[in-house]
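Reviewing the structure listed below.
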Amino acid sequence: MMPTDFKDNEALEQLRESGTNVVLTTVSDLVSWGRANSLWPLMFATSCCGIEIMAAGAARTDFSRFGIEVYRSSPRQADLMVVAGTIVHKMAPVLKRLYDQMADPKYVVAMGNCAISGGPFRDSYHVVNGIEDIIPVDVYIPGCPVRPEALLYGIMQLQRKIKVSYSLPLGKKEEDK
Amino acid sequence: MTDQALLDKVLAFAPGKVAVEEYVNTYPALRVEADALHDLARFLKENEETDFDYLMCLSGVDWGANLGVVYHLRSTRHGHVLVLKTQTPERITPTIDTISDLWVGAEFHEREVYDMFGIRFTNHPDMRRIFMSDKWMGFPLRKDYQASNPLHLETEGAYEDEGIRKLASGKGKDETFIINFGPQHPSTHGVLRLVITLEGENVDQVQPHCGYIHRGIEKMCEHLTYQQIVHLTDRMDYLSAHINNEAVCLCVEKALQVEVPLRAQYIRTIMDELTRVASHLLFWTSFGMDLGATTCFFYSMRERDHILDIFEETCGARLVLSYVCPGGVMYDLHPNFQRRVKDFIREMRRRLPEYHRLLSGNVIFQGRSRNIGVLSHENAVSFGVTGPSGRASGWHCDVRKQDPYHVYSQVDFQEAIRTEGDVFARYMLRMDELETSLNIIEQLIDQIPSGDYAAKMKPVIRVPEGEYYQRVETARGDLGVWLVSQGDKFPYRLKFRSPGFSTLAALPHLCHGFKIADLIAISGSLDFVIPDIDR
Amino acid sequence: MIYDFSKLTSSLDQLLLSVLPPFWVLLVEALLVLIAGLAAFAVLGMILVYMERKVCAFFQVRLGPNRVGKWGTLQLIADMLKLLTKELVTPRGVDVLLYNVAPFIIIMAAFLSFGALPFARGLHAIDFNIGVFYLMAVSSLAVLGILLGGWASNNKYTVIGAMRSGAQVVSYELSVGLTYITMVAFAGTMQLSGIVEAQADGWFLFKGHLPALIAFVVFLIASTAEANRGPFDLAEAESELIAGYHTEYSGLRFAFFYLAEYLNMFIGAAIAATLFLGGWMPLHIGSWEAFNAVMDFIPPIVWFFGKTFLLVWVTMWFKWTFPRLRIDQLLTLEWKYLMPVSFFNLLLMTVIILLGWHF
């Protein structure tokens with residue numbers, strides 16, 4: 001098993017520190033820092049978790065503090081897609097299309113049990129059992145529905161992940177192996 | 001008219017075709033031959049003495065050998081209810097006459113029955129599937145449904161959809177400006193899809209497409225025990241989660257004839273009203289956002305968070321409470337509950353004038369909401385638009401007054417009514433209801449009696465054979481639960497008559513001739529919750 | 001006395017002339033102005049966006065960005081880095097040339113107006129004798145970019161947004177123009193530096209009596225509408241049209257639209273400050289020598305930005321308080337109220353000038 005197979009943030013960070021890639025440039029780090037701190041989410045919510053996203057954006061847990069402020073309704077301008085709520089068969093093509101419409105780099109957070117596995121509706125005839133069958137997911141946040149605090153934690157994990165990843169092609173080689 | 005007199009009258013109308021249903025039922029029920037249904041329905045609607053103008057619920061059901069459709073009719077004038085049950089002779093090509101020419105709201109309900117059971121309604125203006133895509137195999141709510149439908153990821157072209165083809169057919173494909181709102185659109189409050197045709201900025205036709213969050217809750221309920229079902233109902237109308245839970249529990253309790261302890265009834269009522277306040281606050285939020293007044297969002301979310309804190313302290317959840325269980329509530333109140341609720345009422349009373357100053361009194365806001373999307377009283381009844389939207393059209397449709405449950409009969413409150421029926425009336429009605437709810441809570445909060453918070457129930461509930469119907473007033477309107485039990489631990493059929501579904505049917509009717517911006521305002525003022533529509 | 005930046009520029013000019021032939025001097029100076037302008041442009045854009053976020057947060061009982069850098073000050077750097085490195089999507093079916101040109105037209109229009117603004121005495125890129133006229137001309141260029149962008153994107157939402165914007169900007173241009181004329185009539189010159197100098201003994205807002213006040217209010221409303229700012233943001237109308245005319249733009253191109261919106265707001269405020277609040281001129285009251293001297297102590301550039309940002313703040317206040325107008329309300333407001341008022345106001349101003357009823 002390659003060390004890169006470990007997908008948790010601790011392993012990724014250790015990997016960076018242990019210097020598997022010599023050509024670390026500050027430019028790459030700077031861009032990564034920029035990307036991590038400027039995640040503009042796409043307004044996308046199908047059910048209950050969407051209300052908790054709204055709550056997370058509201059005054060108490062105001063996530064604009066972390067640079068997640070500018071909610072874009074157009075996928076072209078969004079960086080982060082928080083898939084909040086159940087995805088059903090009829091919605092699946094739409095979800096995929098929205099993901100395709102987003103400009104790179106793009107990140108996906110599966111928020112809530114429905115998006116992770118189908119949640120309480122797993123046995124239903126019309127529910128997709130986890131969005132990973134449709135689009136790649138960066139962070140999974142369990143909960144039904146996810147609390148705003150948990151959402152914030154999840155997005156901060158994503159920020160950590162972005163900060164250790166290589167934003168310029170020079171790091172790609174190591175990762176692609 | 002008494003139930004017996006009503007039955008006699010109907011039996012005399014079509015002798016031989018109608019028989020009194022002997023099954024246990026909440027309301028007087030009649031079994032009607034399929035070919036006599038339409039005439040009987042017309043008679044019931046147009047006769048002065050019966051005057052069934054409100055189609056409460058229309059549900060399909062699979063009886064095994066054949067398929068059935070059940071109509072719950074109610075008269076807004078006389079207040080009596082009648083259940084009509086009809087069956088198709090066979091299940092290969094089942095057809096029944098439509099009643100959508102009598103009750104406009106039936107159009108959507110019949111499409112749902114077609115989608116779920118495959119019963120075709122003859123003479124229906126728009127017989128298409130409503131939740132599932134056109135390619136879907138089989139009819140999911142039939143008992144023998146086994147079709148496997150693989151996940152399709154390719155997007156279908158716009159004109160592959162039968163409904164859109166129909167929209168475009170008026171003037172030809174190239175001349176109609178068809179525009180697609182949703183399923184991912186900031187103002188459809190979820191994943192509703194509206195296909196609209198435009199004449200410049202003016203909306204010509206609106207065609208709602210549902211099913212983007214159809215989770216098959218009704219089918220799932222057929223394999224779950226009653227305690228488990230409660231947890232799915234939260235997620236239908238998640239903004240009035242508590243009231244949804246209650247609907248099922250009340251229905252089960254009614255069937256079992258369980259006496260719920262008074263303490264539990266008080267707790268449930270207070271929680272009901274808190275939920276309603278939270279939901280109307282969220283309405284204020286989203287309605288303001290729809291009209292471009294973003295700041296509203298933060299103000300009412302701030303107050304809403306106080307309610308969620310109270311919920312959290314007592315039942316551990318913020319949004320989907322699952323606090324109610326058949327027989328009472330799950331656990332007792334938190335000791336802080338009363339104090340915090342009183343604090344909240346004081347706070348809310350202080351904030352409400354601020355809300356009105358910020359939004360209700362604004363010139364732009366008034367200009368955008370007055371005389372827009374007027375829903376007349378007749379149409380509200382015919383479409384079955386209940387709840388605040390119905391009451392804004394002058395229809396006294398509050399279930400808390402009509403069929404009081406819990407301790408609503410002991411509370412002194414006025415049913416908020418407005419008669420204009422426009423966007424502004426619907427908006428103001430919800431603001432009125434905020435105050436009504438606060439008054440109700442205030443009356444009850446100090447009166448909570450001591451005692452048990454739940455009646456003793458068996459771990460496995462078996463509801464006696466029969467059909468039961470329970471209505472509750474959610475923040476969106478009349479939520480009906482129709483439970484068919486065959487004495488098993490699972491329900492045989494559980495139908496939710498969701499308020500949003502009927503309200504959605506009225507949307508195309510309201511929007512014709514208004515601007516795009518008005519469409520947003522109208523759909524915002526109807527206050528949908530999409531999972532409530534799609535279930 | 002107030003520092004004159006033309007001393008600095010002319011000495012620089014002399015210095016260059018002493019080492020280079022005149023043509024090269026011109027070239028070097030043009031380059032210097034360009035660099036300085038672009039830098040100021042970018043920095044201002046970031047300050048404005050940061051200000052908007054903070055102001056909006058405080059209106060909305062929350063904190064706004066505060067984790068990236070002290071008080072969130074680095075937030076905009078992060079946003080900029082992100083936008084610069086984001087993929088530029090060109091959807092299928094767009095008119096590639098127009099689609100690519102549109103964001104540049106918009107940002108150029110903003111930049112052109114920016115060049116004519118007098119920031120302090122002698123500190124402007126170019127001081128036309130028809131400065132006001134020039135501003136009118138270039139500020140209406142932006143609508144071209146919006147129309148092109150909306151049309152070329154091959155998307156129904158963008159077309160609706162662009163058409164709305166076209167109708168809106170063209171209508172409100174009238175009121176803006178009429179208020180310009182009103183103030184030009186009062187000042188007797190079209191040169192922006194001349195207008196500012198004329199306010200040495202009192203700002204036009206105070207000197208011009210009622211008509212100046214009316215013109216000021218009309219101008220504030222109309223320039224907000226011209227910049228497509230809320231409550232006049234129909235062209236974007238997030239809750240109706242996704243993102244309006246720039247729905248299909250991503251990355252840097254979107255950043256241009258985004259930045260131009262803020263800069264247009266700034267330019268509107270700066271023009272208002274120049275025409276009505278004396279531009280960089282300190283607050284002077286008639287013959288109060290001591291008071292005037294104290295006011296002179298504050299550098300003019302501070303006066304200019306202070307006034308402008310105050311007006312920017314007012315437009316933000318509009319945006320975060322009012323709901324959005326509907327298209328017919330918007331046009332009614334202009335054609336039935338603002339324009340007749342402006343015409344009448346122009347007449348009133350003329351009468352006042354002729355009768356010498358002003359201060």
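Sequence lines set the chain letters: A, B, ... in the order given, protein chains first and strands last, and positions in each chain run from 1. Atoms considered below: every heavy atom in the structure, side chains included; atoms not considered: hydrogens, waters and symmetry mates.
Considering every non-hydrogen atom in both A/Asp62 and C/Arg62, the closest pair reads OD1-NH1, 3.2 Å. Of all heavy-atom pairs spanning A/Asn37 and C/Gln75, the tightest one is O-NE2, 3.0 Å. Of all non-hydrogen atoms in C/His246 and A/Gln77, the two that sit nearest each other are O-NE2, 2.5 Å. Contact between A/Ala59 and C/Gln60 at its shortest, heavy atoms only, is CB-O, 4.4 Å.
Contacts of C/Glu248 with chain A are made by both backbone and side-chain atoms, with heavy-atom separations under 4.5 Å. Contact of A/Ala58 with chain C is not made at all, since no heavy-atom distance falls under 4.5 Å. Contacts between A/Phe63 and chain C at a heavy-atom distance below 4.5 Å are absent for every atom of the residue. The part of C/Tyr258 that comes within reach of chain A is its side chain, from C-beta onward, which places non-hydrogen atoms under 4.5 angstrom from that chain. Of the atoms belonging to C/Leu74, heavy atoms from both backbone and side chain fall under 4.5 Å from chain A. Only the side chain of C/Val89 comes within contact range of chain A, with heavy atoms under 4.5 Å apart.
Your options are C/Gly72, C/Gly64, C/Gly251, C/Ala255, and the one with the most heavy-atom pairs under 4.5 Å with chain A is C/Gly64.
Residues C/Arg53 and A/Ser64 bring no donor and acceptor atom of their side chains to less than 3.5 Å of each other.
The CZ atom of A/Arg76 sits 9.0 Å away from atom CD of C/Glu87, with the distance rounded to the nearest 0.5 Å. Distance check: C/Leu83 CG to A/Asp79 CG gives 7.5 Å after rounding to the nearest 0.5 Å. Between the OH atom in C/Tyr157 and the OG atom in A/Ser74 there is a gap of 11.0 Å [rounded to 0.5 Å]. Of the inter-residue distances, the one linking A/Asp104 atom CG with C/Leu88 atom CG reads 11.5 Å to the nearest 0.5 angstrom.
Shown are A/Arg65, A/Met156, A/Gln159; of these, the side-chain contact (heavy atoms from CB on, under 4.5 Å) with C/Arg67 is made only by A/Arg65.
The environment of C/Trp151 atom CH2 is sparse: at most 12 non-hydrogen atoms of other residues, nucleotides or ligands sit within 6.0 angstrom. The 12-atom threshold is exceeded at CH2 of C/Trp313, counting heavy atoms of other residues, nucleotides or ligands nearer than 6.0 Å.
A cation-pi arrangement, defined by a distance under 6.0 Å to the six-membered ring centre and an angle within 45 degrees of its axis, is present between C/Lys82 and A/Trp40.
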